[in-house]
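One structure is given below, encoded as structure tokens.
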Amino acid sequence: MLLLREDTVQCDKYSLKKNFSLQTNAQLETEQDHFWIANNIHDITVSMDGISEVQNYHRPRVDGKDSFQIAEKFIDNVTKINPVISLIR
């Protein structure tokens with residue numbers, strides 16, 4: 001579960017507009033996290049190293065899961081709600 005800073009809660013309390021940016025390796029696995037990000041983060045940047053073979057070689061996961069596939073699922077879920085994602089290498 002994602003943690004919120006107290007200032008974000010205060011913005012909600014006073015109905016202040018929030019505009020958050022996030023740079024991520026897209027390794028959050030739960031759809032709950034994906035959809036929260038899509039609905040609450042305005043600018044999303046995903047850092048990846050390339051096609052699946054390159055990504056998995058340079059960014060192996062400790063649990064042995066395919067980092068490219070997890071990032072791809074994150075991007076697919078987030079872009080259903082927030083279609084603008086930047087990719088960087």
Side-chain angles (χ1 to χ4, degrees):
M1 176 55 89
L2 298 171
L3 299 176
L4 295 177
R5 290 178 25 171
E6 179 61 28
D7 52 356
T8 64
V9 175
Q10 291 299 316
C11 286
D12 288 338
K13 180 179 176 182
Y14 296 105
S15 300
L16 299 174
K17 182 180 177 184
K18 300 176 293 211
N19 186 357
F20 296 108
S21 297
L22 172 71
Q23 183 169 339
T24 178
N25 62 3
Q27 296 301 298
L28 291 170
E29 294 187 65
T30 70
E31 288 188 2
Q32 180 181 357
D33 287 342
H34 298 173
F35 293 122
W36 186 93
I37 288 170
N39 284 300
N40 292 282
I41 306 294
H42 182 260
D43 298 308
I44 303 166
T45 301
V46 176
S47 175
M48 295 181 70
D49 289 325
I51 62 173
S52 61
E53 293 82 9
V54 175
Q55 170 74 11
N56 294 328
Y57 176 79
H58 287 287
R59 298 187 189 210
R61 289 178 48 109
V62 173
D63 61 10
K65 292 181 180 177
D66 183 347
S67 66
F68 183 88
Q69 185 178 26
I70 292 169
E72 184 177 46
K73 181 179 176 187
F74 173 88
I75 292 167
D76 287 345
N77 285 337
V78 170
T79 56
K80 289 175 186 174
I81 297 168
N82 183 349
V84 180
I85 289 183
S86 302
L87 294 173
I88 61 171
R89 182 167 179 258

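Listed by chain and number, the residues in a salt bridge (Lys or Arg N to Asp or Glu O under 4.0 Å) with K73 amount to none (sequence neighbours excluded). Contacts of H58 classified as side chain to side chain donor-acceptor pair (under 3.5 Å), with partners at least two apart in sequence or in another chain: none. In this structure, the side chain to side chain contact (heavy atoms under 4.5 Å, CB included) partners of N25, at least two apart in sequence or on a different chain, are Q27, R59. For D63, the side chain to side chain donor-acceptor pair (under 3.5 Å) partners are R61, not counting sequence neighbours.
To the nearest 0.5 Å, atom CG of residue N40 and atom CG of residue N19 are 11.5 Å apart. From I44, atom CD1 reaches atom CG of N82 across 4.5 Å, with rounding to the nearest 0.5 Å. The line from CZ of F74 to CD1 of I37 is 4.0 Å long, rounded to the nearest 0.5 Å.
By the 6.0 Å contact criterion, OH on Y57 is open, its count of non-hydrogen atoms from other residues, nucleotides or ligands being 12 or less.
Counting all heavy atoms, side chain and backbone alike, Q55 lies closest to G50 at CB-O, 3.8 Å.
Under a hydrophobic-cluster definition in which Ile, Leu, Val, Met, Phe, Trp and Tyr are linked whenever side-chain heavy atoms come within less than 4.5 Å, directly or via other members, V78 and V46 are assigned to the same cluster. L28 and I85 end up in the same hydrophobic cluster when Ile, Leu, Val, Met, Phe, Trp and Tyr side chains are linked at under 4.5 Å. In the hydrophobic clustering of ILVMFWY residues, with side-chain heavy atoms under 4.5 Å counting as a link, W36 and I81 come out apart.
Between the side chain of D66 and the backbone N or O of N56, no donor-acceptor pair lies under 3.5 Å.
Counting Ile, Leu, Val, Met, Phe, Trp and Tyr side chains that sit under 4.5 Å apart, directly or through other members, V54 shares a hydrophobic cluster with I51. Apart from L16 itself, the hydrophobic cluster it occupies contains Y14, where clustering links Ile, Leu, Val, Met, Phe, Trp and Tyr at side-chain heavy-atom distances under 4.5 Å.
Between I75 and L87 there is a side-chain heavy-atom pair separated by less than 4.5 Å.
Only one option out of D76, T79, N39, N77 pairs with H34 in a side-chain contact (heavy atoms from CB on, under 4.5 Å); it is N77.
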Evaluate the criterion side chain to side chain contact (heavy atoms under 4.5 Å, CB included) for residue pair F68 and M48; output intermediate values, then yes/no. CA-CA 8 Å; F68 183 88; M48 295 181 70; 3.5 Å; yes
